[in-house]
J.: 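Got a structure here, written out as structure tokens. Questions coming.
Order of the sequence lines sets the chain letters (A, B, ...), proteins ahead of strands, with each chain counted from 1. Remember, predicted model here, so these are calculated numbers, not experimental data.
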Protein chains: 2
Amino acid sequence: MTAGQGTVTMGDVARLAGVSKMTVSNVINNRPGVSEPVRRRVLEVVRESGYRINVSARTLRSGRTGVLGLAVPHVNSAYFGLLAEHVIEEAAGRGFHIAIEQTGAAAEGEFEVIAQSHKLQFDGLILSASGLDPADQRLVGGGIPMVMLGERDFAASFDHVAMPNEEGTKAAAEHLADRGCRRIAIVTGALGDGDVNVVTRRHRGYLAALLERGLAAEPELLVALDEMNARGGRRAAHRMVDSGLGFDGAVAVTDGVAQGLLRGFADRGVRVPDDVRLIGFDDVPDAEIMVPSLSTVSPDHRWMAAKAVELVTARIEDPERPATEHTAPFTIAERESTR
Amino acid sequence: MTAGQGTVTMGDVARLAGVSKMTVSNVINNRPGVSEPVRRRVLEVVRESGYRINVSARTLRSGRTGVLGLAVPHVNSAYFGLLAEHVIEEAAGRGFHIAIEQTGAAAEGEFEVIAQSHKLQFDGLILSASGLDPADQRLVGGGIPMVMLGERDFAASFDHVAMPNEEGTKAAAEHLADRGCRRIAIVTGALGDGDVNVVTRRHRGYLAALLERGLAAEPELLVALDEMNARGGRRAAHRMVDSGLGFDGAVAVTDGVAQGLLRGFADRGVRVPDDVRLIGFDDVPDAEIMVPSLSTVSPDHRWMAAKAVELVTARIEDPERPATEHTAPFTIAERESTR
DNA sequence: GACCGCAGCTGTATCGATAAAGAAGCGGTG
DNA sequence: CACCGCTTCTTTATCGATACAGCTGCGGTC
């Protein structure tokens with residue numbers, strides 16, 4: 001059978017098996033009230049005829065698709081690739097399919113996905129928000145079960161799985177201090193960036209660590225990125241070295257940025273960890289492979305994925321349940337860059 | 001309006017606007033034959049009522065969803081992330097949405113996606129196949145417009161956008177020879193791997209280059225990976241050094257493997273490019289950022305994405321058109337690892 | 001023997017949109 | 001004035017599956 005015409009419908013199966021459509025439906029969906037001989041006969045015909053259920057029709061009637069949307073800033077990013085892989089697995093365990101969408105890390109893109117998620121027939125949406133303003137009215141209009149992933153400050157209105165932004169960065173900076181660093185820089189997005197929440201939270205954790213270790217938080221040690229990725233990190237490293245900024249440790253806001261810093265330091269002959277110790281955030285798979293391998297804050301990605309999927313499915317079941325917030329556990333992965 | 005009950009249908013809009021459903025449908029779909037005042041009135045009501053079209057109903061009637069599936073081995077992979085980003089853009093330009101699926105780089109996963117693509121309502125499928133046997137009968141049953149991406153040997157039966165596997169690797173090996181390398185290793189998957197076609201094709205290109213440059217193809221210079229990724233590459237590098245294999249250049253089957261080799265050489269104190277020159281294949285974004293930056297075969301990813309999308313859409317329009325095959329253009333990106 | 005309960009199956013309306021054919025209004029024409 | 005062609009809008013019949021009420025046959029009960 002080729003494509004096109006030859007679509008076998010449930011009615012055809014019913015006719016061929018000598019039963020009603022409803023009986024076929026009951027067999028297909030494993031519902032009780034069908035005798036064994038009839039069930040067998042129907043399944044036989046289904047196989048022979050090559051019948052495949054029409055999902056549009058089913059969805060039109062039942063209202064469920066079994067597809068969850070996962071909206072990430074960029075599919076082309078180690079961190080989100082990793083996350084996606086875990087979410088796909090977790091969702092499969094609960095009988096859901098994941099469709100990945102890209103928002104472009106902009107509030108506009110995120111609203112677009114929310115608005116389109118009904119068009120794409122999602123039963124629920126896991127949104128790895130970055131540009132979103134939690135107060136934006138457009139968030140309310142969605143009317144689709146939704147979980148925020150990796151951001152904070154949505155607690156009141158949405159289910160939310162947060163990264164340990166503050167705690168993680170605090171531990172990272174303390175880790176550097178424990179290795180003997182005294183002038184620790186933080187390389188992060190500028191405020192007003194798309195990733196305001198992540199940026200400010202992580203900065204706050206850094207400050208808390210300095211305070212606790214009795215180190216001064218000098219303003220020039222806050223290095224602002226022009227672009228929050230490896231390219232931006234590389235340029236930042238050049239500026240840090242060229243401007244004569246004295247520092248013996250650096251906390252990077254993400255592993256991607258840290259990778260850029262490594263590259264930028266290499267460009268200028270600054271050795272890691274001999275001259276400068278460096279720590280990142282995320283623990284992407286590459287961190288282990290980089291030269292030198294990258295110490296980093298390692299949130300439990302699987303835990304986050306599992307929690308997110310658990311929360312959406314729970315909300316699909318009961319749209320009225322109160323929103324909850326959860327922060328992922330983390331460890332510090334110590335590697336060559338801080339040894 | 002919250003979730004749940006308050007679903008506004010096209011009929012409601014029609015009633016509120018004092019026109020028929022069909023007129024609303026015509027307005028929604030920008031079809032001609034609606035006067036300006038009526039059009040405005042309908043759009044007004046659509047806005048006020050918060051009406052959103054029910055895609056299942058539309059799909060049930062029209063048979064089109066506007067969604068293309070993109071099936072890749074792993075979403076958690078720099079190369080496929082990059083590819084996906086381009087495909088998403090190209091598809092958007094033609095009014096299609098992309099849903100990304102993961103096959104797990106196994107033939108089973110790939111069939112699963114093909115089989116499920118009707119369930120997920122894809123109008124067409126772009127399949128980045130790796131484990132698939134082109135002769136497998138199950139391929140025929142799909143009945144969905146499909147394009148193979150990155151593999152070869154499907155010419156007869158499917159539209160196909162190929163990587164310049166043979167040509168690219170040949171150029172890569174020649175590039176090393178031109179830089180003075182005399183004992184060039186190739187690090188690649190074992191035959192019988194999931195990626196047989198890629199592996200054999202790239203190996204063939206390597207052999208052709210050696211032949212052309214009058215270099216001997218010694219068997220021990222073929223290094224087989226136990227895993228075709230960075231981890232496997234790292235282990236391979238260790239073996240290459242520890243076993244006393246003499247070599248002054250290496251062609252890696254992918255950039256991911258090359259990254260692992262870089263790491264593995266660093267572990268053993270082998271310097272790139274001073275002691276060994278290294279070249280990869282794919283030109284993932286990381287290649288520029290690695291330390292040292294990685295020379296690599298750079299296929300035109302945008303071109304591939306554009307071609308793939310063009311081919312599926314063409315096949316959706318005309319399922320009977322003959323299958324065609326296209327090979328992506330490429331350049332050699334020269335960076336530090338071969339300088 | 002009339003009646004009940006129940007498992008197993010059927011008939012029909014319905015989900016929300018769209019395609020195709022048909023009606024209504026209107027200026028122009030012989 | 002009957003008729004035409006055109007635009008604008010309406011009507012009716014689906015698309016394929018599912019929910020629900022209803023029908024049937026049959027063993028059991030008083």
J.: Find the distance A:Met22:CE to D:dC23:P and express it as a whole number of Å.
T.: 18 Å
J.: Does A:Ser25 make a side-chain N or O approach to OP1 or OP2 of D:dT18 shorter than 4.0 Å?
T.: yes
J.: Which part of the nucleic acid does A:Val24 contact within heavy-atom distance under 4.0 Å: base, sugar-phosphate only, or nothing?
T.: nothing
J.: Checking contacts here: which listed nucleotide (D:dT10, D:dT18, D:dA13) is nearest the side-chain heavy atoms of B:Arg61?
T.: D:dA13
J.: Roughly, in whole Å, what's the span from CG in A:Asn30 to P in D:dT18?
T.: 12 Å
J.: Within this structure, what is the CG-to-C1' distance between A:Asn29 and D:dA19, rounded to whole angstrom?
T.: 12 Å
J.: Please name the residue in the list B:Val27, B:Val38, B:Ile28 that meets the side-chain contact (heavy atoms from CB on, under 4.5 Å) test with B:Leu43.
T.: B:Val27
J.: Checking salt bridge (charged side-chain N to carboxylate O under 4.0 Å, His left out) for the pair A:Arg321/A:Asp318: CA distance, chi angles, key distance, verdict?
T.: CA-CA 6 Å; A:Arg321 73 194 283 281; A:Asp318 173 16; 5.4 Å; no
J.: Both B:Thr23 and B:Ala57 contact DNA chain D. Which one's nearest nucleotide lies toward the 5' end?
T.: B:Thr23
J.: Between which nucleotides of DNA chain C, 5' to 3', does chain B make heavy-atom contacts below 4.0 Å?
T.: C:dG16 to C:dA20
J.: Take the protein atom CG of B:Leu60 and the nucleotide atom P of D:dA13, then report the distance between them rounded to whole Å.
T.: 18 Å
J.: List the steps and the verdict of salt bridge (charged side-chain N to carboxylate O under 4.0 Å, His left out) for B:Arg302 and B:Glu90.
T.: CA-CA 8 Å; B:Arg302 176 163 301 282; B:Glu90 291 295 335; 3.5 Å; yes
J.: Assess whether salt bridge (charged side-chain N to carboxylate O under 4.0 Å, His left out) is satisfied between A:Arg41 and A:Glu44, documenting all intermediate values.
T.: CA-CA 5 Å; A:Arg41 172 96 189 95; A:Glu44 173 83 2; 5.7 Å; no
J.: Are side-chain N/O atoms of B:Arg61 and A:Ser56 paired as donor and acceptor at under 3.5 Å?
T.: no
J.: Select base, sugar-phosphate, or nothing to describe what A:Ser62 touches, counting heavy atoms under 4.0 Å on all strands.
T.: nothing
J.: Report which part of the nucleic acid A:Asn26 touches: base, sugar-phosphate, or nothing (heavy-atom distance under 4.0 Å, all strands).
T.: nothing
J.: Students often get this wrong, so: under 4.0 angstrom with heavy atoms, is A:Arg31 touching a base, only sugar-phosphate, or nothing?
T.: sugar-phosphate
J.: Between B:His301 and B:Glu85, does any side-chain donor sit less than 3.5 Å from a side-chain acceptor?
T.: no
J.: Any donor and acceptor pair, going by atom type alone, linking the side chain of B:Ser25 with main-chain N or O of B:Lys21 inside 3.5 Å?
T.: no
J.: Given that A:Ser35 and A:Lys21 both sit by DNA chain C, which one's nearest nucleotide is further toward the 5' end?
T.: A:Ser35
